[in-house]
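Only one structure is covered here, and it is reproduced in the block below.
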Number of protein chains: 2
Amino acid sequence: MALKKGYAAQHCSLARTLELVGERWTMLVVRDAFYGVRRFSDFQAHLDVPRAVLSARLGTLTEAGILEKRRYEQAPPRDEYVLTERGRQLWPALYALLAWGEAHASGSRPVRRYFLHQACGCRLDPAGGCPECGLGTVPPGDIEVHPGPGADHPDRQDPVSRAMLRPHRLLEPLDTVPTGSGAAEQQRNSR
Amino acid sequence: MALKKGYAAQHCSLARTLELVGERWTMLVVRDAFYGVRRFSDFQAHLDVPRAVLSARLGTLTEAGILEKRRYEQAPPRDEYVLTERGRQLWPALYALLAWGEAHASGSRPVRRYFLHQACGCRLDPAGGCPECGLGTVPPGDIEVHPGPGADHPDRQDPVSRAMLRPHRLLEPLDTVPTGSGAAEQQRNSR
DNA sequence: ACCGCTGGTTCGGTGAATGAACCATGGAGG
DNA sequence: CCTCCATGGTTCATTCACCGAACCAGCGGT
């Protein structure tokens, strides 16, 4: 958001937080990072955000220590952005916003995604805890995302959206190119 | 944020939430509402936000059912904005962002405010629960705000900031004009 | 030599945020 | 009656961030 003057004058933690993650698109980038999106083009395809803005947001988040830019391939230089520990600690805030939206801003639409505690398989409560295990906060690495009734939307047919239709663990890399059984590896190599 | 096109295309609860509360200044307005700020001029004095923007934000929040506009005085018509139940349910998200900022974006500054569970007097844990009572989430009405070491800042000497230096309960109206013991009522009448 | 993919940067146009000024209502004081 | 002040706004010119489209660079494949 870079509130040139307004926020800077505020000495509140919230204001400083919003200076980092309160800008347009930033939280959606972080959300996608939790869902396992890692590459520039995947963020771009899924969020449909102008590339310049995406570039700026990834830069800001990396500078703030929320994402880390890693070269995962040398031959053709390929980079990926992954959440740092600091970034992963944004999960409670992210989940709280998401849960509020589910309860108050969904307009009777069917639920799009379930969040399940991987250990016991039950749905997270609105506070992000596991009612079964008595955990107050389930860490994102122990959460599985499953598609709900409203998951498959006729718009959003890009590979990333389709990859998100399959159940997967938070933070684990999203497999963008899965055709049939076990074809992922072949595909990845053949590109 | 009114993401004209980008967010609208997203069918995610987070995107819809951010359309409401993700705009610049909006979360700070909500935070102040939790702290007990209710009047237009008090929001303006404390946040130092352009009046036009504040007007727009209060309008959006009222329309979204997060705040309610109430006439609290007829004679000279005076209005106040108070959180609705829907607005109060934003507390977990707000606290999570605040706690993250305290942990990761405070740059070794002394803590500005403590949040105490009113029933037992102990500080809230990072998840917004009470470690003593075993409560997963303490509702905002049961939370007391106390000034921390970094509370009194030489800037921000407006009446609202000074009022926030005194311990008070969340959601209860902030007493902006308290001079000495029990003088509040006299002051309010003499204006 | 040419094409395509990834990961960007650059650029002109548009819409939102900003700060300052102005306005309307309704006391209070003289 | 006239003026002053407080509250709660609105209007307006300027500035700034976002937008979409185009362009570019490194590398691989054919």
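Protein chains get the first letters and strands the later ones, always in sequence-line order, with residue 1 at the start of each.
- One interatomic measurement links the two molecules: CD of B:Gln44 to P of D:dT10, which rounds to 14 Å at whole-angstrom precision.
- Rounded to an integer number of Å, the gap from CG of B:Leu47 to P of C:dT18 is 11 Å.
- If you measure from atom CG of B:Asp79 to atom C1' of D:dA6, you get 14 Å, rounded to the nearest angstrom.
- A donor-acceptor pair under 3.5 Å is formed between the side chain of A:Gln44 and the backbone N or O of A:Val49.
- Rounded to an integer number of Å, the gap from CG of A:Leu54 to C1' of D:dA17 is 16 Å.
- Place B:Arg51 and B:Arg57 on DNA chain C by their nearest nucleotides, and B:Arg57 ends up nearer the 5' end.
- A donor-acceptor contact closer than 3.5 angstrom is absent between the side chains of B:Tyr35 and B:Arg169.
- Here the C1' atom of nucleotide C:dG7 and the CG atom of A:Leu58 are 10 Å apart, to the nearest Å.
- When heavy atoms are screened at a 4.0 angstrom cut-off, B:Pro50 is found touching base atoms of the nucleic acid.
- Taking every side-chain heavy atom of A:Tyr81 into account, C:dG8 is the closest of C:dA17, C:dG8, D:dC19.
- Listed nucleotides: D:dA6, C:dG7, D:dG9. Nearest to the side chain of B:Ser55: D:dG9.
- Side-chain proximity of B:Ser41 to the nucleotides C:dG8, C:dG19, D:dG8 is greatest for D:dG8.
- A:Glu73 has its CD atom 9 Å from the P atom of D:dG28, to the nearest Å.
- No donor-acceptor pair closer than 3.5 Å links the side chain of A:Trp91 to the backbone N or O of A:Phe34.
- Residue B:Glu63 qualifies as open at atom CD: its count of foreign heavy atoms under 6.0 Å is 12 or below.
- Atom CZ in A:Arg38 sits roughly 17 Å away from atom P in C:dT6 (whole-Å rounding).
- What separates CG of A:Asp42 from C1' of C:dG7 is a distance of 12 Å, to the nearest Å.
- Side chains of A:Glu144 and A:His168: a donor-acceptor N/O pair is absent below 3.5 angstrom, by distance only.
- Toward the 5' end of DNA chain C, the nearer of the two residues A:Ala56 and A:Arg78, judged by each one's closest nucleotide, is A:Arg78.
- When the nucleotides C:dG8, D:dG28, D:dC18 are ranked by their closest atom to the side chain of A:Pro76, D:dG28 comes out on top.
- In the set D:dG8, C:dT9, D:dT11, the nucleotide with an atom closest to the side chain of B:Arg39 is D:dG8.
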